[in-house]
Amino acid sequence: QVQLVESGGGLVQAGGSLRLSCAASGRTFIYYNMAWFRQAPGKEREFVGGINWSSDNTDYADSVKGRFTISRDNAKNTVYLQMNSLKPEDTAVYFCAARSGTRVSRNQLEYATWGQGTHVTVSL
């Protein structure tokens, strides 16, 4: 089983960019589909984007489509979330998650492994 550690969060002005990283330990990273979720204050955790093991299938929430890009480097055991054109409503704790299987899923219940989260704050 992999362990996940997120980094790259911080404070950014609206319109700016951030790149989140999620480093995975373990030799079986390549077998996992990966996803990013986020949880804003007072709201439920929601799906942001996902990527399958071979990077030929990605999925994004409508709210971030065209602004965020998920990618992975299996040689570095790392998944990334490039966030551009950030908005105040993107403010949240961002979590990466891993699931076994052959497809990307938006259902957080299907993800068995989670990181501790990294905070992203977007100011006006």
Side-chain angles (χ1 to χ4, degrees):
Q1 190 172 358
V2 296
Q3 292 182 322
L4 306 174
V5 178
E6 302 96 335
S7 61
L11 173 64
V12 64
Q13 287 189 324
S17 298
L18 280 176
R19 188 176 80 156
L20 305 184
S21 299
C22 174
S25 63
R27 295 174 292 176
T28 59
F29 174 75
I30 191 172
Y31 299 121
Y32 287 86
N33 295 309
M34 303 297 296
W36 288 94
F37 291 79
R38 68 185 181 186
Q39 187 167 21
K43 295 187 177 181
E44 294 186 351
R45 190 161 55 186
E46 63 177 2
F47 174 80
V48 175
I51 188 168
N52 73 333
W53 71 274
S54 59
S55 300
D56 60 2
N57 182 240
T58 57
D59 186 28
Y60 297 94
D62 288 344
S63 59
V64 307
K65 199 171 293 183
R67 299 188 298 122
F68 291 12
T69 302
I70 188 170
S71 62
R72 65 190 293 166
D73 185 336
N74 288 337
K76 295 182 178 179
N77 281 10
T78 302
V79 62
Y80 305 97
L81 184 67
Q82 178 66 45
M83 306 186 295
N84 299 328
S85 303
L86 283 161
K87 305 175 181 180
E89 51 263 44
D90 295 318
T91 295
V93 179
Y94 284 72
F95 301 88
C96 70
R99 68 178 293 274
S100 57
T102 59
R103 60 179 178 83
V104 176
S105 173
R106 296 188 175 196
N107 185 352
Q108 59 182 297
L109 297 178
E110 296 185 15
Y111 290 83
T113 304
W114 293 80
Q116 83 289 348
T118 186
H119 290 257
V120 173
T121 302
V122 184
S123 64
L124 288 170

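Numbers here simply count residues along the sequence, with the first being 1.
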Item to check | Backbone of N52 reached by a side-chain donor or acceptor of N57 within 3.5 Å | outcome: no

Next on the checklist: Going by ring-ring contact (aromatic ring centres under 6.0 Å, His included), name the residues that satisfy it together with F37, two or more places apart in sequence or in a different chain.
Outcome noted: F47, Y111, W114

Checklist outcome for this item: Sorted by chain and residue number, the salt bridge (charged side-chain N to carboxylate O under 4.0 Å, His left out) partners of R45 (sequence neighbours excluded) come out as none

Checklist entry - Does Y80 use its side chain to pair, donor to acceptor, with the backbone of T69 at less than 3.5 Å? => result no

Checklist entry - So, does N33 use its side chain to make a donor-acceptor pair with the main chain of G101 at under 3.5 Å? => result yes

Checklist entry - salt bridge (charged side-chain N to carboxylate O under 4.0 Å, His left out) with D56: which residues, sequence neighbours excluded? => result none

Checklist entry - Out of curiosity, C96 SG to I70 CD1, how far, rounded to the nearest 0.5 Å? => result 9.0 Å

Checklist entry - How would you list all residue pairs meeting salt bridge (Lys or Arg N to Asp or Glu O under 4.0 Å) that involve residues 30-40, not counting sequence neighbours? => result R38-E46, R38-D90

Checklist entry - So, T91 side chain and V122 main chain: donor-acceptor pair closer than 3.5 Å or not? => result yes

Checklist entry - Tell me, do Q3 and T113 make a side-chain contact under 4.5 Å, heavy atoms counted? => result no

Checklist entry - Hey, what do you get for CD (Q39) to CD (Q108), rounding to the nearest 0.5 Å? => result 8.0 Å

Next on the checklist: Could you work out, with side chain to side chain donor-acceptor pair (under 3.5 Å) as the rule, every residue matching Q82, not counting sequence neighbours?
Outcome noted: N84

Item to check | With sequence neighbours excluded, residues passing side-chain contact (heavy atoms from CB on, under 4.5 Å) with S7 | outcome: S21

Item to check | Residue list, side-chain contact (heavy atoms from CB on, under 4.5 Å) with V93, at least two apart or on another chain | outcome: F95, H119

Next on the checklist: To the closest 0.5 Å, what do you measure between CG (L20) and CH2 (W36)?
Outcome noted: 4.5 Å

Item to check | Main-chain N/O of F29 paired with N74 side-chain donor or acceptor, under 3.5 Å | outcome: no

Item to check | Sequence neighbours excluded, every pair satisfying salt bridge (Lys or Arg N to Asp or Glu O under 4.0 Å) that has a member inside residues 68-89 | outcome: none

Item to check | side-chain contact (heavy atoms from CB on, under 4.5 Å) partners of S85, counting only residues at least two apart | outcome: R67

Next on the checklist: So, using side chain to side chain donor-acceptor pair (under 3.5 Å) as the criterion, who are the partners of S105 when residues are at least two apart?
Outcome noted: E110

Checklist entry - With side chains defined as the heavy atoms from C-beta onward, is the minimum distance between L4 and M34 less than 4.5 Å? => result yes

Checklist entry - Considering only heavy atoms from C-beta outward, does the side chain of V104 approach that of T58 to under 4.5 Å? => result no

Next on the checklist: Applying side-chain contact (heavy atoms from CB on, under 4.5 Å), can you list everything that pairs with A40, at least two apart in sequence or on another chain?
Outcome noted: K43, A92

Checklist entry - Any sub-3.5 Å donor-acceptor pair from R106's side-chain atoms to G49's backbone N or O? => result no

Checklist entry - Residues in ring-ring contact (aromatic ring centres under 6.0 Å, His included) with F68, at least two apart? => result none

Item to check | Minimum heavy-atom distance between V2 and A98, given as atom pair plus value | outcome: CG2-CB, 4.0 Å

